[in-house]
Amino acid sequence: MALPAGTVVVAYNAAISRCARAGLYARALALFREMRGRGLRADEYTLPPLLNSAAQLRGPPEAVAALHALLLRAGLAPHLHVANALVDAYARLPHAGAAAARAVFDEMPRRDVVTWTSLLTGLARAGAHGAAVRAYHGMVASGVQPDEFAVPAALSSCAASTALDLGRSVHAAAVRLGLRPFRSVENSLVSMYAKTGALRDARAVFDAMPARCTITWTALIVGYAQNGRGRQSLEVYADMVRSGCRPDYVTFIGLLFACSHAGLVDAGRAHFRSMVPVYGIAPGPDHYACMVDLLGRAGRLDEAMDLLNRSSTELDATVWKSLLGACRVHQNAELAERAAEMVWRLDPADAVPYVMLSNLYSRARRWGDVARIRALMKARGVTKEPGCSWVGVNGITHLFHVEDRDHPRAAEIYRKVEEMTERIRVEGYVPDTDWALQDEVPEWRQRGLAYHSERLAVAFGLLAVPAA
DNA sequence: CTAGGGTTAG
């Protein structure tokens, strides 16, 4: 006796959904292939977990595009759940993902809070935090009410772009909408205030919370650390443990980062060593990178190398870049070359090792090596996009590159930089020209530092913001 | 049986 096809489809849908939820993405997609092999058609319940699996599998982007084509053929696009899952799936793909998500989003006749949140997080993932905040406002303008998912997503982008004023307005809206009691909203407020430097506000939200979770404590620990208050981070961590809240993988990243910035080598070592025996958390590459940074700043390169040699996890490029940074500071060319080699093995297109090595050799006045590294970089076709700095004044972001004269007030800005440079010179500042990149003529080197993008941004900030 | 979020150094 054969079961009705509809019953079998429901059974497949349930199985695919369970696999997707459990993170068994390949299994979910395999079930779909099996389903089609039996001549069964996917419906509006099949597609969302499938799209999710295809996106999270980190496989070829064509997998999502293929499902997109399939759902169009099957006439499933009008289902809001399906279209939302499609926007989210595209938004999770690296590179052109956010643009593809936007294209699907633009075509949708009806959008709800999930659609908008999917677009918003996709933009945030692509680093387009300004566009993400604009998407939040677009949602509000179109009459869709933000909820306890949309508000944290928006606040996260406010935090990432250090847009404190925008963050405050989202905070006010969240209160109006009655979303304050949600833990997710409170957590994102703590993080947003801490990241934008409003530590008192972060603490006020934190203190007013009736209950806190690991994310709450972690947000505050990271917040203090990022504002140069490493010791306060450690105090918060102690309170966290006392309160009975268990730290997780992310908490330890924040904690070790705090130790690193505060130069608390012993505390950092002790916390790192407590991870496995006390909390059963195996240190990942992220923790090793923090430890290398911590030990490297203290000049303990051998100990850092030792730690890496004894590590049991797979180390990634960030770990070796941390070591490279420490080698640059402490002028250890031999170890730096080995670390650079490791980075290249993991990511041949990464420009960081070239810049680091070039800096290191130029400080050591080893011009031959500087030239060799530069030539190597050129031969391998690796390019480094120039760094930039920005400053927000009255809601407008002013962006600067090295020796940038594009700004309408460039003349004034340069005069301000001269004035600043003169004032710090009087205070005893000596420019460290050895750090500048080396394919420039020596007399340019000092200028590259003098009109560094950060100096231009600071100078403009001083000009544009009236003294308090 | 279906879709989105909040904590992650350099």
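A note on names: the letters A, B, ... follow the listed sequences, proteins ahead of strands, and every chain is numbered from 1.
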Subject >> N or O in side chain of A:H81 less than 4.0 angstrom from B:dC1 OP1/OP2 >> reply: no
**OP:** Find out whether the Lys NZ or Arg CZ of A:R212 is both under 6.0 angstrom from the six-membered ring centre of A:F206 and within 45° of the ring's axis.
**Re:** yes
Original post:
Side chains of A:S161 and A:H129: is there a donor and an acceptor less than 3.5 Å apart?
Top reply: no
Subject >> Residue-phosphate contact under 4.0 Å: A:S188 side-chain N/O, B:dT7 OP1/OP2 >> reply: no
Original post:
Counting just side-chain N and O atoms, does A:K195 come under 4.0 Å of either OP1 or OP2 of B:dT8?
Top reply: yes
**OP:** Could you tell me if the ring centre of A:Y224 sits under 6.0 Å from that of A:Y237?
**Re:** no
**OP:** Can you check whether any acceptor in the base of B:dG4 is under 3.5 Å from a donor in the side chain of A:S118, or vice versa?
**Re:** no
Original post:
On a plain distance test, is the side chain of A:T318 in donor-acceptor contact with the base of B:dG10 below 3.5 Å?
Top reply: yes
Original post:
Closest to the A:V250 side chain: B:dT7, B:dG4, B:dC1?
Top reply: B:dT7
**OP:** Looking only at side-chain atoms of A:D286, point me to the closest of B:dA3, B:dA9, B:dG6.
**Re:** B:dA9
Subject >> From B:dC1, B:dA9, B:dA3, nucleotide with atom closest to A:S17 side chain >> reply: B:dC1
Original post:
Are A:F257 and B:dA9 stacked, counting the six-membered base ring, centres under 5.5 Å, planes under 30°?
Top reply: no
**OP:** Taking only the side-chain heavy atoms of A:S156 (C-beta and beyond), determine which of B:dG4, B:dG6, B:dA9 contains the nearest atom.
**Re:** B:dG6
**OP:** Could you check how far CG of A:L155 sits from P of B:dG4, rounded to whole Å?
**Re:** 20 Å
Original post:
Of all the nucleotides listed (B:dG4, B:dT8, B:dA3), which has the minimum atom distance to the side chain of A:D112?
Top reply: B:dA3
**OP:** Quick one: stems involving DNA chain B, counted as three or more successive Watson-Crick or G-U pairs, both distances short of 3.5 Å.
**Re:** none
Original post:
Looking just at side-chain N and O atoms, do A:R38 and A:Y12 make a donor-acceptor pair shorter than 3.5 Å?
Top reply: yes
Original post:
Do A:T216 and A:R183 have side-chain atoms, one donor and one acceptor, less than 3.5 Å apart?
Top reply: no
**OP:** Between B:dC1, B:dG4, B:dT8, spot the one nearest the side chain of A:Y45, thanks.
**Re:** B:dC1
Subject >> A:N227 side chain vs A:G223 backbone, donor-acceptor pair below 3.5 Å >> reply: yes
Original post:
So which nucleotide from B:dG4, B:dG6, B:dT8 ends up closest to the side chain of A:P152?
Top reply: B:dG6
